Amino acid sequence: MVHRLASGGRIDRAQSLRFTWDGRTMTGHPGDTLASALMAAGEEVMGRSFKYHRPRGIMSAGVEESGAIVTVGAGDRRDPNVRATTQELYEGLTATGQNAWPNVRFDAGAVLSLFSRFFAAGFYYKTFMGLPPFEWGKGTGLWMQYEKLIRRSAGMGTASRAPDPDSYEHAHGFCDVLVVGSGPAGLNAALTAAQAGLDVVLVEQDFELGGDYLNQATEAAEQTRAELVAQLSAAGARVMTRTTAFGLYDYSVAGLLERVTDHLPAPDGALPRQRFWTLRAKRTIVATGAIERTVAFGNNDRPGIMTAAAGQTYLNRYGIMPGDRIIMATNNESAYGPAADLARAGAEVTLLDARAEVSDELKALAKANNILVRPGTAPLNALGKPAIDGLETVTADGTGWRPGEVENGDLILISGGWSPVVHLLSHRGLKPVWDAANACFVPPESDDPIHTAGAAAAIWRGEDCEASGRAAGAAAARALGKSAPEEAAPGPGGWATPIRPLYEVKLPGKKLKSFVDPQNDVGTEDVRLAHREGFVSVEHLKRYTTLGMASDQGKMGNIVGLALMAEALGREIPEVGTTTFRPPYTPISIGALSGRNVGSHFRPLRRTPMHDWNLANGGVMTMAGLWHRPWFFPRAKEGKTEAYIRETTTVREAVGLCDVTSLGKIAVQGPDATTFLNRVYTNPFAKLAVGKARYGIMLRDDGIVMDDGTTWRLSESDYFMTTTTAHAAKVMAWLEELLQTRWSDLKVHVASVSDQWAGAAVAGPKSRAVLEACLEDSSVVSNEACPFMAVIETTLKGGIPCRIARISFSGEMAYEAYVPSDYGPALMDLLWAAAKPLGGCLYGLEALGALRIEKGHVTGAELDGRVTIDDAGLGKMASTKKDYIGNVLRKRPELLRGDRPRLVGIFPKDRAQTFNAGTILCKADAVSGMGEGWITAVTHSPALGHWIGLGYIAGGHEAWQGKTAVAADPVRKGNIEVEIVSPHMYDPSGERMHG
Amino acid sequence: MASTQAERTSALAGSYTAGRFGMDGEAGVVFQEMVNLSLGLVAAWPDSFAAVAALAAEAVGAEAAPGPGKTVAGTKGALLRTEPLKFWIVGAAAPELSPEQGASLDLSHSRCHLRVSGPAAAELINRHLPLDLGEASCPVGTVMASAFHHVGVTLWRSEAGFELFLPRGFALSLWEILQDSAAQFGFEVI
């Protein structure tokens with residue numbers, strides 16, 4: 001019987017922790033994992049397999065676990081597919097089994113295993129895709145339906161659908177040396193490097209430092225461990241437990257996942273649940289150890305079968321006797337230590353060794369501990385249901401096997417050899433090399449700043465691992481210019497008698513259910529089936545059978561699968577290759593990847609200086625890029641439509657105020673600023689007078705319009721450029737690129753002043769009156785002093801410095817006024833106090849849009865990176881007397897075709913109708929395909945009294961005179977007949993803005 | 001601007017509350033908004049750099065201008081060499097330059113100046129900025145450009161702590177995130 005021992009292990013028996021498993025309350029102790037606590041409580045079945053719903057128990061004591069995969073937590077904190085072997089126990093932990101109904105002990109789905117011979121690799125696809133005879137040659141329509149049902153019955157746990165209540169964060173770290181793993185090699189490596197004077201970070205995925213030291217029963221091992229840890233701390237190394245180095249990237253960048261609160265019953269809300277580290281180390285020491293492999297034999301997935309090292313761990317670390325009569329099966333020396341420990345603790349141990357010869361030293365060890373060793377013996381088929389009660393064995397017969405005896409026992413421990421954890425090297429593109437003597441892949445030689453130490457380099461003996469750690473630490477120190485003691489690094493191996501490679505045990509004619517990758521229910525027959533069906537590459541094998549694709553990513557089964565494929569192909573393992581391990585080493589929650597970039601901080605939020613003012617004055621906000629901008633300012637009972645129509649009308653009839661801070665603003669300064677602008681803009685800037693603004697268009701090199709805006713000349717050498725909100729950053733980067741890479745001879749500096757200035761548009765017939773009331777000297781905005789396109793620098797009441805240009809986006813007489821940002825609210829206070837008595841209004845983005853659509857003014861929606869200056873109807877602004885960026889390529893024949901889509905206005909033929917932005921414009925008799933154009937912006941036009949739009953259509957409005965187009969919007973409005981008109985739908989001569 | 005009577009409204013106005021927040025114990029982080037920032041940008045041409053550097057140093061009351069990525073604190077203000085040909089002048093008026101000498105620009109309202117100090121200040125900043133803040137690479141007097149939640153920011157390590165210059169429009173959003181992530185250290189706002 002499995003039971004907790006009265007003493008021993010690293011658990012604190014003085015304290016009990018209560019937890020629930022499938023609704024039943026149990027207890028464990030601090031120091032337990034969920035797996036050890038469940039094992040101590042006598043639980044055997046902890047999961048159901050992926051396809052066949054076979055019962056599964058604990059198979060390991062680490063990250064490679066393929067059996068005890070459970071769901072931890074409930075409600076919005078439900079976390080599926082947690083390896084019980086790595087989940088630290090805490091008071092109140094709630095865990096449930098998954099992929100089972102009603103529970104993992106009695107699972108109705110287990111009936112599927114009766115039909116398992118049909119569910120070989122590819123079964124579902126072969127059976128349900130293109131289902132004969134109904135779908136022969138006709139696609140996969142039925143599959144789409146079946147798939148939902150199949151996915152429901154086969155699978156892992158289910159994640160919570162509720163928003164994650166926890167917070168996560170990112171962090172950046174820097175160090176000289178990163179040491180991954182704190183076993184005998186890692187601790188020694190970290191200590192040597194730290195004592196050489198290096199800044200060392202040691203990461204350990206476990207909650208305790210020590211690696212294999214923790215699995216040993218001797219006081220000497222614990223003393224060594226404790227001393228190393230103390231010395232490490234004294235040497236100033238930074239130690240991170242509960243932290244996994246999940247990936248290694250270019251330039252020695254490592255990805256770490258730190259589990260901050262996953263072990264705490266009631267963490268402080270100020271703590272993130274997990275922390276995602278980007279650690280930049282100068283060198284990395286990989287001391288990640290090795291994972292013990294299993295062997296494929298009959299029923300090798302049953303509860304009560306685990307690795308030999310796991311048996312030792314549960315005994316020595318968790319104080320659990322995992323079985324009374326233990327059958328161990330090995331092909332190498334490493335199982336003798338665990339066997340001796342278990343026997344000394346009181347178990348009856350029979351050790352099957354596939355090798356014919358065993359060293360005298362091991363024979364003596366076995367004899368001293370009453371272990372019955374059976375050389376030349378291997379496991380064939382596990383017996384007993386539900387609990388293990390025996391093992392059919394085979395005996396060596398030449399190079400093959402013949403039936404052997406049945407061993408009785410209640411626990412089977414397997415050691416099929418060890419696979420060094422070379423994942424981090426694999427992430428760097430370093431292909432591991434097959435070491436036939438040790439039957440494993442070992443790290444290759446490389447020029448990367450990486451050292452490998454201990455079992456990760458296939459070094460098996462503890463003292464050799466320690467020495468190799470010291471050597472790696474010293475090598476890293478020397479590489480970074482420090483002196484460190486010379487010590488020869490031990491090579492791979494260390495066993496007196498070599499391993500006998502053993503991947504599968506079978507007998508001719510004996511039907512067995514042997515698993516290679518238990519987590520995905522991939523059996524030995526699946527691998528052979530894949531071979532029979534023509535798969536020769538290990539990469540294809542993986543995808544066909546799903547071998548190595550579960551959350552353990554093939555940590556235990558990949559080598560066995562590879563060996564079976566090699567055997568089927570009649571090749572050696574290295575000729576078949578190995579799959580490339582990719583990050584992450586162990587699963588990472590999506591939350592950790594997101595960090596704090598969630599909710600309102602999903603993207604950085606940009607607020608104008610008038611943000612609070614706009615809100616306080618009734619503004620409803622909307623997103624414009626990263627900006628929060630006022631959308632409309634509803635008065636009592638108004639919705640968006642009523643509000644923007646009123647605001648638009650008020651601007652046309654009286655005056656309106658609008659926060660336009662989001663426009664990009666760039667200072668262009670220097671004696672060559674005029675030359676620079678003249679090259680950047682299509683229209684001439686050489687003769688722009690000081691105190692004047694000019695509208696300009698800039699093109700990309702390829703002749704496509706990049707952006708537009710007004711640029712104000714403040715002095716001979718000082719300009720204030722405005723850009724669209726959308727393209728502000730792009731234009732700034734573009735100007736810097738031009739100055740730094742093409743025209744470094746020009747004495748021009750550019751600087752973004754978007755954040756320096758807060759801006760408001762004052763638009764409407766009464767706009768001058770509003771400004772006059774706000775200025776210390778009202779005469780500066782008279783028509784004479786400040787005509788259309790004039791720029792003045794003046795002072796608002798209260799001494800606030802102010803920049804004003806008489807420019808118009810609305811088509812009305814209008815001004816843009818800018819003040820240093822911290823005065824933004826004061827600007828609005830002044831303007832609003834003046835505008836309100838004049839019947840003015842505040843207006844938002846919706847009315848701003850309506851006003852400019854009526855006028856046919858383009859913005860980001862029209863300048864979408866596809867249009868030329870002619871397409872946008874602005875061809876007159878392309879100078880013929882000077883050169884400028886984009887002037888050559890804009891004249892490519894394709895860009896000059898007369899039937900290119902041109903900017904147009906759009907009216908519904910039936911004026912009562914409306915249409916949407918994004919609608920395709922088609923010929924009335926050809927409503928199909930790409931159409932003739934598209935609609936970019938729509939609004940109700942108060943001035944015209946009906947719905948209008950802007951858009952592009954082939955040939956422009958001249959080509960559509962007298963013709964009807966169809967606005968085709970199949971998934972929304974359907975088809976609507978429209979008239980194509982000039983884009984200048986209101987006040988086309990522009991009289992109003994001249995006041 | 002000296003004659004302006006109007007009050008400046010900080011980007012953090014209404015969201016900046018003095019007090020002790022987050023985890024108990026010693027406050028790991030202390031925040032202080034340095035309001036009424038005076039920030040000038042001074043840019044030189046390659047052939048006028050030496051002269052402009054001297055003028056900039058004089059403007060802050062320092063003997064000489066700092067090298068790239070460095071700052072000097074003068075009697076009147078601090079001079080930050082933010083780019084090869086550009087300086088920031090913090091706390092003092094920028095010198096008047098002729099176009100042939102270079103260009104100067106007032107950026108006092110363009111940034112929110114937040115001082116981050118306390119024993120966990122560097123750790124907090126590394127939650128966001130991928131900069132090595134160790135003594136070797138970031139001694140007092142270092143100025144660096146970096147990214148904070150996708151936003152370009154300037155960091156200056158002064159005697160008083162880490163001086164963060166946040167673009168004004170993003171400042172409140174970044175301030176919210178800073179407080180969220182500082183709660184684990186316990187923090188004080190002064």
Side-chain angles (χ1 to χ4, degrees), chain A residues 167 169-174 199 260 268-272 275 278 280 596-597 600-601 603-609 611-612 626-627 661-662 667 669-671 673 715-718 744 747-749 751-758 795-801 819-826, chain B residues 1 3-11 13-14 21-23 36-37 41 43-48 85-86 99-100 102-111 123 126-134 137 148-151 167-174 176-177 180-186:
Chain A
S167 66
E169 71 179 6
H170 295 168
H172 300 273
F174 300 83
D199 179 14
V260 181
D268 191 305
L271 290 173
R275 196 173 284 135
T278 305
R280 292 158 174 90
R596 296 193 186 274
N597 305 311
S600 63
H601 294 300
R603 300 187 297 175
L605 178 63
R606 209 166 180 189
R607 296 171 172 96
T608 78
H611 184 84
D612 289 347
L626 300 178
W627 287 96
T661 304
S662 67
Q669 296 173 292
S715 77
E716 283 299 319
S717 60
D718 203 345
S744 56
K747 283 186 172 173
V748 179
H749 279 301
S752 169
V753 289
S754 295
D755 285 288
Q756 168 70 13
W757 297 94
T795 314
L796 294 175
K797 283 180 177 166
I800 299 170
V819 296
S821 292
D822 284 357
Y823 299 126
Chain B
M1 233 173 286
S3 61
T4 306
Q5 300 104 50
E7 286 280 314
R8 286 174 63 167
T9 305
S10 150
F21 305 93
M23 298 262 272
N36 294 323
L37 170 67
L41 173 68
W45 314 121
D47 58 12
S48 67
L85 293 176
K86 289 182 184 176
E100 283 64 39
S104 66
L105 195 61
D106 181 22
L107 292 177
S108 298
H109 294 244
S110 70
R111 302 293 195 283
E123 208 177 332
N126 272 152
R127 292 285 190 270
H128 305 283
L129 278 64
L131 297 175
D132 186 351
L133 301 177
S137 55
F148 175 1
H149 194 55
H150 315 287
V151 177
R168 195 191 191 287
F170 291 112
L172 180 53
S173 179
L174 299 178
E176 290 164 356
I177 298 177
D180 285 350
S181 50
Q184 61 191 294
F185 304 109

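Being a predicted model, the structure only gives us computed values, none of them experimental.
- For a residue to count as touching a neighbouring chain, one of its non-hydrogen atoms must lie under 4.5 Å from one of that chain's; by this rule Leu107(B) touches chain A with backbone and side chain alike.
- Contacts between Pro825(A) and chain B at a heavy-atom distance below 4.5 Å involve the side chain alone, from C-beta outward.
- In this view, Asp755(A) and Arg606(A) satisfy the salt bridge (Lys or Arg N to Asp or Glu O under 4.0 Å) rule, not counting sequence neighbours.
- Neither the backbone nor the side chain of Val260(A) comes within contact range of chain B; no heavy atom of the residue lies under 4.5 Å from a heavy atom of that chain.
- His172(A) is not listed as a side-chain neighbour of Leu131(B), based on a closest heavy-atom distance of 4.5 Å or more.
- If you measure heavy-atom distances from Thr795(A) to chain B, you find no contacts under 4.5 Å at all.
- Interface remark: Ala171(B) contributes no atoms to any contact with chain A (heavy atom separation under 4.5 Å).
- Of the atoms belonging to Ser48(B), not a single heavy atom falls under 4.5 Å from chain A.
- Between His749(A) and Trp45(B), a ring centre-to-centre spacing shorter than 6.0 Å is recorded.
- In this structure, Leu105(B) and Gln669(A) have side chains that are in contact, with non-hydrogen atoms separated by less than 4.5 Å.
- Proximity to chain B (any heavy atom under 4.5 Å) is shown, for Leu796(A), by neither the backbone nor the side chain.
- Of the listed residues (Leu133(B), Val151(B), Leu85(B), Leu129(B)), the one with the most heavy-atom contacts under 4.5 Å to chain A is Leu129(B).
- Residues Glu176(B) and Arg607(A) are paired through a salt bridge, judged by an N-O separation under 4.0 Å between the basic side chain and the carboxylate.
- Looking at Asn597(A), both its backbone and its side chain come within 4.5 Å of chain B, counting heavy atoms on both sides.
- Considering only heavy-atom pairs separated by less than 4.5 Å from chain A, the leading option among Pro130(B), Gly134(B), Gly186(B) is Pro130(B).
- For chain A, the nearby part of Glu7(B) is the backbone; its heavy atoms alone come within less than 4.5 Å.
- Heavy atoms of Thr278(A) lying under 4.5 Å from chain B are absent altogether.
- The closest donor-acceptor contact from the side chain of Gln756(A) to the backbone of His109(B) lies under 3.5 Å.
- Heavy atoms closer than 4.5 Å to chain A are found in both the backbone and the side chain of Asp180(B).
- Ranked by heavy-atom pairs under 4.5 Å with chain B, the first of Arg275(A), His170(A), Arg280(A), Lys797(A) is Arg275(A).
- The side-chain contact (heavy atoms from CB on, under 4.5 Å) test applied to Ser167(A) returns Pro272(A), Arg596(A), not counting sequence neighbours.
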